Structures are given as structure tokens and as C-alpha cells.
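Chain identifiers are assigned alphabetically (A, B, ...) following the order of the sequence lines, protein sequences preceding nucleic acid strands; residue numbering begins at 1 within each chain. Quantities reported herein were computed from a predicted structural model and do not represent experimental measurements.
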There are 2 protein chains.
Amino acid sequence: MPEERSTRDRVLDAFERLLVGAGSRAATLDAVAADAGVSKGGLLYHFHSREALVEGMVERLREQARADVAKMVSAPQGPVEFYLETSVDSGSDFDRALIAASRIAQENDAGARTALADIREAWFDVLNEHLGDIALARTIQLIGDGLYFDDTTGLAHPDALTHVREVLKRLP
Amino acid sequence: MPEERSTRDRVLDAFERLLVGAGSRAATLDAVAADAGVSKGGLLYHFHSREALVEGMVERLREQARADVAKMVSAPQGPVEFYLETSVDSGSDFDRALIAASRIAQENDAGARTALADIREAWFDVLNEHLGDIALARTIQLIGDGLYFDDTTGLAHPDALTHVREVLKRLP
DNA sequence: GTCTATATTCAGATAGAC
DNA sequence: GTCTATCTGAATATAGAC
């Protein structure tokens with residue numbers, strides 16, 4: 001049977017949920033604790049400061065990213081389709097962690113920014129190796145970023161992915 | 001001779017600079033006032049609350065957007081190239097306003113979110129009318145969003161725009 | 001229109017009981 | 001490991017002098 005989610009993980013989940021849903025200003029220790037169903041004291045036992053909370057989140061994101069890249073490499077539908085599909089918010093834990101980290105990165109946090117840069121580089125390497133075409137790999141990564149940005153800003157268009165597939169098919 | 005920038009405008013400029021450079025959490029009334037070279041009391045004379053500051057910013061953004069769309073329609077290099085070029089952070093006032101508004105939109109602010117949706121719709125209409133190709137127009141808009149997202153998250157790649165141009169040239 | 005001073009509320013963090 | 005109580009400083013906002 002699967003283990004109960006630890007308090008530590010539930011706190012990180014809540015932090016990410018608040019970052020994604022309402023932004024960093026709203027992700028206060030009070031709000032995170034309430035959302036995680038723990039007291040502020042309980043939260044601060046696991047993370048001694050807000051900074052530590054961010055660090056814990058980034059660390060967990062790096063682990064999730066390792067698993068994602070592994071799945072991308074051996075995806076049955078191929079890395080490109082796998083990458084595009086997962087750029088449209090799938091609501092997965094990894095997606096949430098990614099969006100949450102980008103919120104923190106926008107605040108000039110070096111840890112979050114470096115982690116995101118590393119993850120993007122890993123994705124690009126897989127795309128580039130599979131396609132053998134730097135320009136196309138980069139363009140596909142940009143399209144993924146666009147899909148992702150639109151989702152996270154509430155600007156997503158329902159047909160976006162279909163349209164992208166159609167345009168990519170036209171390429172020689 | 002050009003008029004002096006009003007205090008009101010300098011306050012909005014400072015608010016945007018802080019939102020873009022350090023995020024909403026850092027864009028406190030204190031910080032905005034200091035950056036604008038005015039006292040907090042002086043700031044609050046022009047904007048009675050933080051909310052009013054956001055509203056003022058969004059209102060100004062809409063005006064800037066009207067001018068941008070007009071330029072896009074009649075750009076000598078064509079709307080597509082104009083759109084892609086200006087999706088890479090050009091450091092213009094309009095860019096800054098756009099990025100600042102997206103920071104606020106991420107906090108679930110209806111005003112900022114609606115304004116951005118309206119502006120994106122206007123851009124799409126110009127692309128679609130020019131190209132006569134919904135899928136391609138949408139894909140180009142996504143690429144623009146990707147360029148823009150990368151810039152604003154500090155993840156921009158220097159050759160990105162060159163690579164995109166190269167791929168677009170391959171399309172029939 | 002802009003300032004200083006101040007009130008109020010809230011976020012981050014500590015101490016210590018259980 | 002989790003709680004309550006509490007301290008400190010910061011953020012938003014008001015009042016009133018200039």
C-alpha cells in the first residue's frame with residue numbers, strides 16, 4: 001500500500017498550490033499552513049523559514065524533473081509529442097511544481113532560476129538529439145514555453161495544440 | 001519640447017520596474033515610492049491604494065496596446081516579423097508594462113487578466129488576417145509567447161529568434 | 001501636491017508546552 | 001512532531017502640517 005503523504009510533502013504541495021493559484025504574495029506561511037492543514041508552528045518545524053520552504057520545493061522539483069526526462073527519452077509517442085503534450089497543463093504534480101518554481105524564479109531567486117534553466121537544458125538536449133536539428137528543436141521548445149505560459153496566465157486557447165501539430169506536419 | 005514626466009507616470013514606471021525586476025512581493029508601496037523619488041504620502045495622493053495602483057497601470061497598458069497594434073498593422077517588415085521582434089524584450093515602455101501586467105495577472109487579478117486577453121486577441125486578429133491561416137497564426141503567437149516567457153523568466157536563449165525565422169522559412 | 005508622523009494589520013519567526 | 005502564544009518588523013493606509 002502507498003504510504004501516507006508526509007506532512008513535509010503536504011506543506012510543499014500547499015505552497016505550490018498557492019503559488020500557482022494566487023501568486024507569491026498570497027503564499028504566506030499562514031496561508032500555506034492552513035492549506036496544508038497544519039499549524040504555523042508545525043510548518044516551521046519542517047522548514048525553518050520561507051527561504052527554506054523555497055529550497056525544499058526546488059529540491060523536490062529537481063527530483064521530479066529527472067523522472068520526467070527519463071520518461072521523455074523513452075516515450076512511445078516520441079519526445080516531441082511527449083514534450084508538447086506535457087506543456088499543456090496536465091495538472092500533474094510535476095507541472096504544478098514547475099509553474100510554482102517559475103513564480104519564484106520571477107522574483108529573482110537564484111535557486112529556482114538555475115533549476116529551471118537546468119531542466120530546460122535537459123529537455124532541449126533530448127529534443128535536439130532526437131531531431132538532429134538545433135533550429136527546430138529550439139522552435140519546438142519555444143512553442144512548448146508558449147503553451148505553458150498561456151496556461152499559467154489563464155490565457156490558454158483550447159485548439160492551440162491541434163494547430164501546432166498541423167503546422168509541424170507541413171515541415172519537410 | 002517634451003513635457004516633464006508627471007509624478008503619476010513616474011510612480012507607475014517605478015511600480016512596473018519593480019514588478020518586472022523583483023516581482024509583486026518586492027513591489028511594496030515603500031519600494032515604489034522610493035524608486036519613483038517620492039514619499040509614500042505623495043504616492044498615495046495619486047493612488048489611494050495598492051489596488052488603485054494596479055488599476056492605473058492596467059489602464060495605461062491598454063492605451064499603449066492600442067498604439068502598438070496600430071504600428072503592427074502597418075509595419076514595413078510585416079505584422080509577423082514585427083510581432084516576433086517585439087516579443088523579444090526590447091526594453092520598451094510597452095514591454096515593461098506588458099510584463100508587469102502579466103505578473104499581476106498571475107495573482108488572479110481580473111483587470112490585468114482581461115486586459116492581457118484583449119491585447120492578445122487583437123494581435124491574433126492582425127496575424128490571422130494577414131496570414132489567412134488560423135493554425136499558423138496561432139503557432140506564431142505561441143512562439144511569441146515562448147520568447148516572451150523565456151525573457152521574463154531570465155531563460156532567454158540568444159539565438160532563439162534566428163532559429164525561429166529559419167524554421168518559418170521552411171514552411172510551404 | 002507633497003511631506004512627516006502615526007495607526008493598524010499582517011507576515012515571518014521564536015519559545016516553550018504537550 | 002505539532003500545537004499555542006507571543007515578539008518583531010514590515011506593509012498598507014490615514015491624518016494633518018506645509
ask   = Mind checking which nucleotides bracket the chain A contacts on DNA chain C, 5' to 3', with an atom under 4.0 Å from a heavy atom?
value =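 Counting from the 5' end, contacts occupy C:dA11 to C:dT14.
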Separation of [X] atom [atom1] from [N] atom [atom2], in whole Å?
X	N	atom1	atom2	value
B:Glu51	D:dT12	CD	C1'	12 Å
B:Leu44	D:dA11	CG	P	14 Å
A:Lys40	D:dT4	NZ	P	12 Å

query = What nucleic acid atoms does A:Thr28 come within less than 4.0 Å of, heavy atoms only: base, sugar-phosphate, or nothing?
reply =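 Sugar-phosphate, no base atom in range.
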query = Starting at the 5' end of DNA chain C, which residue's closest nucleotide do you reach first, B:Leu43 or A:Leu29?
reply =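 First, find each residue's nearest nucleotide; the 5'-ward one identifies B:Leu43.
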First of A:Asp30 and B:His46 reached from the 5' end of DNA chain C, by closest nucleotide = B:His46
task = Please work out which of the three classes, parallel, tilted or perpendicular, describes the rings of B:Tyr148 and A:Phe149, given edges at 30° and 60°.
result =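 Aromatic pair A:Phe149/B:Tyr148 classed perpendicular.
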inquiry  = Contact between B:Arg17 and B:Asp35 at the side-chain level, heavy atoms closer than 4.5 Å - yes or no?
reply    = yes
task = Using a strict 4.0 Å threshold on nitrogen-to-oxygen distance, state whether A:Asp133 and B:Arg170 make a salt bridge.
result = yes
ILVMFWY clustering at 4.5 Å (side-chain atoms), partners of A:Leu43 =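 Noted: A:Leu43 shares its cluster with A:Val11, A:Leu12, A:Phe15, A:Leu18, A:Leu19, A:Leu29, A:Val32, A:Val38, A:Leu44, A:Phe47, A:Leu53, A:Val54, A:Met57, A:Val58, A:Ile104.
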query = Pick the nucleotide of DNA chain D nearest each of A:Arg8 and B:Arg25; which residue has the one closer to the 5' end?
reply =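 Comparing both residues, the 5'-ward one is A:Arg8.
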ask   = Should we say atom CD of B:Glu129 is surrounded by more than 12 heavy atoms from elsewhere, each under 6.0 Å from it?
value = no
query = Does any pair with a residue in residues 57-69 of chain A pass side chain to side chain donor-acceptor pair (under 3.5 Å), and if so which ones, sequence neighbours excluded?
reply =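 Side chain to side chain donor-acceptor pair (under 3.5 Å) check on residues 57-69 of chain A returns A:Asp9-A:Arg60, A:Asp13-A:Arg60, A:Glu16-A:Arg60, A:Arg62-A:Asp118, A:Asp68-A:Trp123.
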